[in-house]
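Below is one structure, written out as structure tokens, with a few remarks after it.
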Amino acid sequence: MSQIYQHRARKRFGQNFLHDTGVIDRIIRAIAPREGDHILEIGPGQGALTESLLDSGAQLDVIEIDLDLIPLLKLKFALQPNFTLHQGDALKFDFNRLAPAPSSLRVVGNLPYNISTPLIFHLLNNAHLVRDMHFMLQKEVVERMAAQPGGGDWGRLSIMVQYHCRVEHLFNVGPGSFNPPPKVDSAIVRLTPHAQLPHQAQDVRALDRIVREAFNQRRKTLRNTLKNILSAEAISAADVDGSLRPEQLDMAAFVRLADQFVAQQAADSP
Ligand code: SAM
């Protein structure tokens, strides 16, 4: 039995376990879980957040990739009727499996830093199922998510996250709160999907394409970075000055460019 408690943190799974009860309490207060909530915790690890989430009476699904942590999680929580454990990769997890009502799922996690960006994109693809998300991330990633146009942090992550969600950078957490301590500072972010998108693109994939292409070379002008996918005329038709650099454009301008891209493709197709 004692063996299961001697889990050695695995780098490849981004394991930095929270041990600071002050920080754990603060995170739980920010989430404010309640009976009747349906929560999905990604990467419960040794259960630092899991226990308080369960105590709230919420229905809790957790997904953990590390087979070695499964016996410990079962031992600690499997008897609780509001607990369901899924072993697997959150990046491949089909959130529809949980049969959530629209806009109901509350997603939480002290995320493994190596997969946090693809995981957030995976969740954004399912934003219609989600009520809110609370994540521990690298502080620098939270700053990029919450960035505003005009600065060096404004980029694909800011635009695609803010397209779908309101972003709140709640508070920072130092390395000493984890075991082992990570090399970087962390932060808690709350993402709340918009009830109505403030800037609706005709096709969100076109928006992602334009944004990727534009920020591929962020020092160049838009006319230059977009030249392979959007003509100078199309950029003007979107009411965008092609001599600007991508970081100078706000969300509305990117959405107009994406809509022009859709229109141009429709015109080009036979
Ligand atoms: N929640 C715990 C805590 O706060 O102490 C653990 C956090 S640790 C930073 C990240 C957790 O995510 C680990 O338990 C790790 O095994 C798990 N994990 C890593 N990659 C994963 C994946 N692709 N899918 C699901 N869980 C994953």
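Quick note: residue numbers are just sequence positions, from 1. First listed ligand is number 1; within each ligand, the first listed atom is number 1.
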Residue pair [X] / [Y], side-chain donor-acceptor N/O under 3.5 Å:
{"X": "Asn228", "Y": "Glu213", "result": "no"}
{"X": "Thr50", "Y": "Glu41", "result": "yes"}
{"X": "Asp61", "Y": "His38", "result": "yes"}
{"X": "His86", "Y": "Glu64", "result": "no"}

Students often mix this up, so state it plainly: with edges at 30° and 60°, are the rings of His7 and Phe17 parallel, tilted or perpendicular?
perpendicular
At a heavy-atom distance under 4.0 Å, which protein residues reach ligand 1? Sort them by chain and number, would you?
Phe13, Gly14, Gln15, Asn16, Phe17, Leu18, Glu41, Gly43, Pro44, Gly45, Ala48, Ile63, Glu64, Ile65, Asp66, Leu69, Gly88, Asp89, Ala90, Asn110, Pro112, Ile115
Pairwise distance CD1(Ile120) to CG(Asn125) - rounded to 0.5 angstrom
12.5 Å
